[in-house]
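Following: one structure in structure tokens, then a few remarks.
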Number of protein chains: 2
Amino acid sequence: MYYFFAEGVIIIEPKCISRVILKRLPIYLGYLKSLPNDAPPHISATTIANVLQMGEVQVRKDLAAVCDIGKPKIGYKVRDLIDELETFLGFKDMNDVIIVGAGKLGKALLSYEGFREYGLSIVAAFDVDDTVIGNMNSTKPIYHISKLSDLCQRMNIQIGIIAVPAESAQAICDYIIKCGIKAIMNFTPYLLKVPSDIIAHHVNIAASLALLSKQLSEQT
Amino acid sequence: MYYFFAEGVIIIEPKCISRVILKRLPIYLGYLKSLPNDAPPHISATTIANVLQMGEVQVRKDLAAVCDIGKPKIGYKVRDLIDELETFLGFKDMNDVIIVGAGKLGKALLSYEGFREYGLSIVAAFDVDDTVIGNMNSTKPIYHISKLSDLCQRMNIQIGIIAVPAESAQAICDYIIKCGIKAIMNFTPYLLKVPSDIIAHHVNIAASLALLSKQLSEQT
DNA sequence: AGTATATCGATATATATTTATCGATATAAC
DNA sequence: GTTATATCGATAAATATATATCGATATACT
């Protein structure tokens, strides 16, 4: 949280929402959306907290960060809350995404339907291997990587997923940045080096699984 | 950190390493392993921090949590550090893992070779769909789910990956817990409810990607 | 040998996050 | 209408995490 001193008055900049909170918001949203239609129209932070096994104050604080529609004794109107969360998280305006690497993981992501409700639209995948190029058992196309630059620039696509072998990760990364990609999700164990204006997230499934395994072995 | 008072002396229980640190350790390890053979045998926390774009004190503190082999002016011996990290993270003793759901994602995980160097061995996948059962283009078998219980108990497997459609996630989860699984990695957007003695991790790829997208849109 | 320097580990400070407490308020029950 | 209660939001306290500072030490240089 940043504080600015201007003419004797402390102004609290409210923009910044911490990444921890940001990561929890989709969880609340997911739960709210899973509620049946005949559920009561209001829900309390206490209820949410109990179901999701979180602290009730935390839930209230998190929700307060994106909306202020809670009423004492009543709780939050579920419909409004879903709306606020979706708007805040940007799930309402669609964002186009491309995938580089049409191996097994790339194809799995390409045909995964669940992205849509997060405001994401996977447009196409790209690969160098001619044998995977085409459109077998997927509604979405797989192009040769040489077409990536043109497509991204024409459609103004700024988000890319890297699902190639670790050895080529950095080269692919550099290349797609040149093509206009500004945010990268990297499924490779290789830690990418990117310029400061590029956002890169790292998803190391093997490492996460190993951590789970360690946690298990520590449990007495 | 827990403090215990025993006969006037404060004993600090050193066991607990926070999850944030635990998540960073594989990053250090990955970097160290990526160093070429002809690199100098020692490395300083400063160097690691610069390459990985982290604070140097943080690196030092993280490493101090698992080892104490750093020497002033010299740094850490790379080989020893790798060894300590691998031992600490449990990458040295193999852990068996099973996958439930042999759809595209399940198959991708099944044939991913990268797990091995994290001390993980994917043993088999299970599904209900007879058309995927068998052994097409994978060195590892896909069995009918009815065989899961027997296999897990015979091999004493305690780690499971759920890669089924969200609708069946909870049912599968309950089932594999009955079969002896103690730690679960869930690739479904559905938030699993598990007993307190079961560890469940949640990997929501779509949500992570959406967060990346949000970060991008906020960048001014 | 003496000095300069890179680096460590430890301690201290700052920041962030979580959890607890409390008064205020909207509804429900009487 | 009054009282009881669930719930909110705000403030405060506790905890965790990150960053800064500093003395100690091992090497390199003179």
Side-chain angles (χ1 to χ4, degrees), chain A residues 1-5 10-25 27-28 32 39-78 80-81 84-85 211 215, chain B residues 1-5 10 12-25 27-28 31-32 39-78 80-81 84-85 211 215:
Chain A
M1 192 77 83
Y2 301 102
Y3 298 86
F4 295 103
F5 234 113
I10 294 172
I11 299 160
I12 296 165
E13 192 69 17
K15 273 256 176 91
C16 66
I17 286 206
S18 81
R19 280 191 47 67
V20 248
I21 296 181
L22 220 49
K23 278 209 254 180
R24 282 194 299 260
L25 295 180
I27 299 177
Y28 302 133
L32 294 171
H42 291 88
I43 194 165
S44 74
T46 319
T47 310
I48 297 176
N50 286 340
V51 176
L52 302 180
Q53 304 180 55
M54 296 165 139
E56 64 167 300
V57 185
Q58 186 173 73
V59 174
R60 221 173 275 134
K61 268 194 91 186
D62 287 353
L63 295 182
V66 288
C67 68
D68 42 11
I69 49 175
K71 281 188 202 166
K73 178 80 180 176
I74 302 279
Y76 303 86
K77 193 170 177 191
V78 177
D80 289 359
L81 199 49
E84 294 255 18
L85 282 169
L211 247 43
Q215 246 185 289
Chain B
M1 195 76 82
Y2 302 103
Y3 298 85
F4 296 103
F5 235 115
I10 294 174
I12 296 166
E13 192 68 19
K15 274 258 177 86
C16 68
I17 285 208
S18 81
R19 280 189 48 64
V20 249
I21 297 180
L22 221 49
K23 279 210 252 178
R24 282 194 299 258
L25 295 181
I27 300 178
Y28 303 132
Y31 168 62
L32 293 172
H42 290 88
I43 193 165
S44 73
T46 319
T47 310
I48 298 176
N50 287 340
V51 176
L52 302 180
Q53 303 180 56
M54 294 165 140
E56 64 166 300
V57 186
Q58 186 173 75
V59 174
R60 221 173 276 134
K61 268 195 90 185
D62 288 353
L63 295 183
V66 289
C67 67
D68 42 9
I69 49 173
K71 280 187 202 164
K73 179 80 181 180
I74 302 277
Y76 304 85
K77 193 171 175 192
V78 177
D80 289 359
L81 199 49
E84 294 256 19
L85 282 169
L211 246 44
Q215 247 185 289

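Hydrogens, waters and symmetry mates play no part in the numbers below; they use all other heavy atoms, side chains included. So that the names make sense, note that chain A is the first sequence line, chain B the second, and so on, each numbered from 1.
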Spacing between A/Lys23 atom NZ and C/dT17 atom P, to the nearest angstrom:
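In whole Å, C/dT17 P lies 11 Å from A/Lys23 NZ.
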Within this structure, what is the CZ-to-P distance between B/Arg19 and C/dT17, rounded to whole angstrom?
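Rounding to the nearest Å, CZ of B/Arg19 and P of C/dT17 are 16 Å apart.
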Heavy-atom contacts, protein to nucleotides 18-30 of chain D, under 4.0 Å, summarised as B (base), S (sugar-phosphate only) or - (none) per nt, yield SSB----BBB---
Test item: A/Val59 and A/Leu52 side chains (from C-beta on) under 4.5 Å apart, heavy atoms:
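Side-chain contact under 4.5 Å: no.
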Contact between B/Met54 and B/Tyr28 at the side-chain level, heavy atoms closer than 4.5 Å - yes or no?
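Heavy-atom side-chain distance check passes, below 4.5 Å.
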Check A/Val78 against A/Pro40 and note the closest heavy-atom contact, atom names and distance.
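Nearest heavy atoms, A/Val78 then A/Pro40: CG2-O, 4.1 Å.
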Shortest non-hydrogen contact from B/Ile69 toward B/Asp80
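It is CD1-CB, 3.6 Å.
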Partner residues of B/Thr47 under the side chain to side chain donor-acceptor pair (under 3.5 Å) criterion, sequence neighbours left out:
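Testing B/Thr47 for side chain to side chain donor-acceptor pair (under 3.5 Å), a comparison that skips the adjacent residues, returns B/Ser44.
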